[in-house]
Peer 1: 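Below you will find the structure I want to go over with you.
Each chain gets a letter, A, B and so on, in the order the sequences are listed, and its residues count up from 1.
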Protein chains: 2
Amino acid sequence: MDWQEKLNQKGLRLTHPRRAIISVLERADTSLSPQAIHQRSLDANEEIGLVSVYRTLELFTELGLVRRVHGHSECQGYVLASPGHHHHLVCHSCDATVEFSGVEDLSSLITHIEEETGFTINEHLLQFSGLCPDCQRKTDIRD
Amino acid sequence: MDWQEKLNQKGLRLTHPRRAIISVLERADTSLSPQAIHQRSLDANEEIGLVSVYRTLELFTELGLVRRVHGHSECQGYVLASPGHHHHLVCHSCDATVEFSGVEDLSSLITHIEEETGFTINEHLLQFSGLCPDCQRKTDIRD
DNA sequence: TCCTTATTGAAAAATATTTTCAATAAGGAT
DNA sequence: ATCCTTATTGAAAATATTTTTCAATAAGGA
Ligand SMILES: [Mn+2]
Ligand SMILES: [Mn+2]
Ligand SMILES: [Zn+2]
Ligand SMILES: [Zn+2]
């Protein structure tokens, strides 16, 4: 199910700002802050309000259409989300962000921690960071 | 090595705001935002400036004395960090935050993702969330 | 006790986010 | 095609958060 169907299903409208934001995120290769999304939308001659960016990101996060990426300083980066269990990998140097599928098996770790702490665990946040291929090359050259 | 030694070692001073902030974090059982830390410090009659809270948290994060906890909405929660590799477990309901030691073995997952994406991975962010023992009890009673 | 300078905090500036509300446009009904 | 309902928008104002500046202070070695 794509995002348009998802909105229909919930009785939500397919508005201009919503289209514009998805379009910006589709073209992005890094996560983008609300401000950045707004700016790129204007750059593409899709004039939308910054308020709508905030509202749409909140809605889309709720619907699982976008996900938040948590950086060292910045935690307001949003990326398009593919359906299913995924996490993100971020380049320290250029912010390139790619998704990887959540195939990790944390179950034994989770069980261990549940026993140790008495908590019930039902959610996890996992993110990797390092250098993307491009930035590795640039670093090599400099050496 | 405790935080005081660490500061000495770096030629940094043991100031009143720094003591106050550590003291607040030591007493906390959830992560705290800069504002919350400031308020609790005032409540404890340790009058420090909010600016110093920001500056100290930045410094202490750098030094590995505190760590940031990333929540669903809020990502400005700080907790005291024990030395070594740790992650955090947060209660959805009451925000109770406990540390667990980073004994997880992500190496095969990391290798897999490195091969798949061409990235070099050197850092990870892992956080669990769920219900703490207290909040489990409260939920049970309500049922 | 003195001296150096890292650090503080008040204030202002810069940014970021949320709220409000009248105007608009999405999309189902006719 | 046109009408109608109402979800949604965007301008503006209100709030909240974070950073910058800089003179005053106090940490801590001499
Ligand atoms: Mn996962
Ligand atoms: Mn770990
Ligand atoms: Zn890169
Ligand atoms: Zn709890």
Peer 1: Counting N and O atoms only, with roles assigned by atom type, does the side chain of A:T30 sit under 3.5 Å from a partner on the main chain of A:A28, one being a donor and the other an acceptor?
Peer 2: no

Peer 1: Distance check, rounded to the nearest 0.5 Å: A:S129 atom OG versus B:I121 atom CD1?
Peer 2: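 Separation between the atoms: 8.5 Å.
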
Peer 1: Report, one line per pair, each donor and acceptor closer than 3.5 Å where one atom sits in a side chain of residues 71-79 of chain A; sequence neighbours left out.
Peer 2:
{"unit_1": "A:H72", "atom_1": "NE2", "unit_2": "A:H92", "atom_2": "NE2", "d": "3.3"}
{"unit_1": "A:H72", "atom_1": "NE2", "unit_2": "B:E123", "atom_2": "OE1", "d": "3.4"}
{"unit_1": "A:H72", "atom_1": "NE2", "unit_2": "B:E123", "atom_2": "OE2", "d": "3.1"}
{"unit_1": "A:E74", "atom_1": "OE2", "unit_2": "A:Q76", "atom_2": "N", "d": "3.0"}
{"unit_1": "A:Q76", "atom_1": "OE1", "unit_2": "A:R68", "atom_2": "NH1", "d": "2.9"}

Peer 1: For B:Q9, I'd like to know if atom CD has over 12 heavy atoms of other residues, nucleotides or ligands within 6.0 Å.
Peer 2: yes

Peer 1: Which parts of residues 54-71 of chain B get close to DNA chain C, meaning a heavy atom less than 4.0 angstrom away?
Peer 2: B:R55

Peer 1: Less than 4.0 Å between a side-chain N and a carboxylate O, is that true for A:D134 and A:R137?
Peer 2: yes

Peer 1: About how many Å separate CG of A:L65 and CG of A:L57, when rounded to the nearest 0.5 Å?
Peer 2: 11.0 Å

Peer 1: Measure from the side-chain N and O atoms of B:H85 to the backbone N and O of B:V103, and report whether any donor-acceptor pair falls under 3.5 Å.
Peer 2: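 Side chain of B:H85 to backbone of B:V103, a donor-acceptor pair under 3.5 Å: no, none is there.
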
Peer 1: Can you list, by residue number, the residues of residues 34-48 of chain A that have a non-hydrogen atom closer than 4.0 angstrom to DNA chain D?
Peer 2: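 When residues 34-48 of chain A is checked for heavy atoms under 4.0 Å from DNA chain D, the hits, listed by number, are A:E47, A:I48.
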
Peer 1: Are the side chain of A:Q136 and the backbone of B:G118 linked by a donor-acceptor contact shorter than 3.5 Å?
Peer 2: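 Here the side-chain-to-backbone pair exists.
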
Peer 1: Would you confirm whether B:T139, through its side chain, and B:C135, through its main-chain N or O, come within 3.5 Å as a donor-acceptor pair?
Peer 2: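 Side chain of B:T139 to backbone of B:C135, a donor-acceptor pair under 3.5 Å: yes, one is there.
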
Peer 1: Report yes or no: do A:H87 and A:E104 form a side-chain donor-acceptor pair below 3.5 Å?
Peer 2: yes

Peer 1: Considering non-hydrogen atoms only, spot the tightest contact between B:L25 and B:L80 and give its length.
Peer 2: CB-CD1, 3.8 Å

Peer 1: On DNA chain D, check which nucleotide each of B:V51 and B:N8 is closest to and give me the residue with the more 5' one.
Peer 2: B:V51

Peer 1: Got B:S93 and B:L131 here, is their nearest side-chain heavy-atom distance under 4.5 Å?
Peer 2: yes

Peer 1: Between the main-chain N or O of B:S82 and the side-chain N or O of B:R67, is there a donor-acceptor pair closer than 3.5 Å?
Peer 2: yes

Peer 1: Going by heavy atoms closer than 4.0 Å, what residues in residues 11-22 of chain B are next to DNA chain C?
Peer 2: B:L12, B:R13, B:T15, B:P17, B:R18

Peer 1: What's the angle between the local helix axes at either end of the helix from C:dT1-D:dA30 to C:dT30-D:dA1, using five pairs per end and rounding to 10 degrees?
Peer 2: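 Angle reported: 40°, given to the nearest ten degrees.
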
Peer 1: Checking side-chain polar atoms at under 3.5 Å, does B:Q4 have a donor or acceptor matched by the opposite partner on B:N8?
Peer 2: no

Peer 1: Provide the start and end nucleotides, 5' to 3', of the part of DNA chain C that has atoms under 4.0 Å from heavy atoms of chain A.
Peer 2: C:dA16 to C:dG27

Peer 1: In this structure, is the centre-to-centre distance between the rings of A:F128 and A:F100 below 6.0 Å?
Peer 2: yes

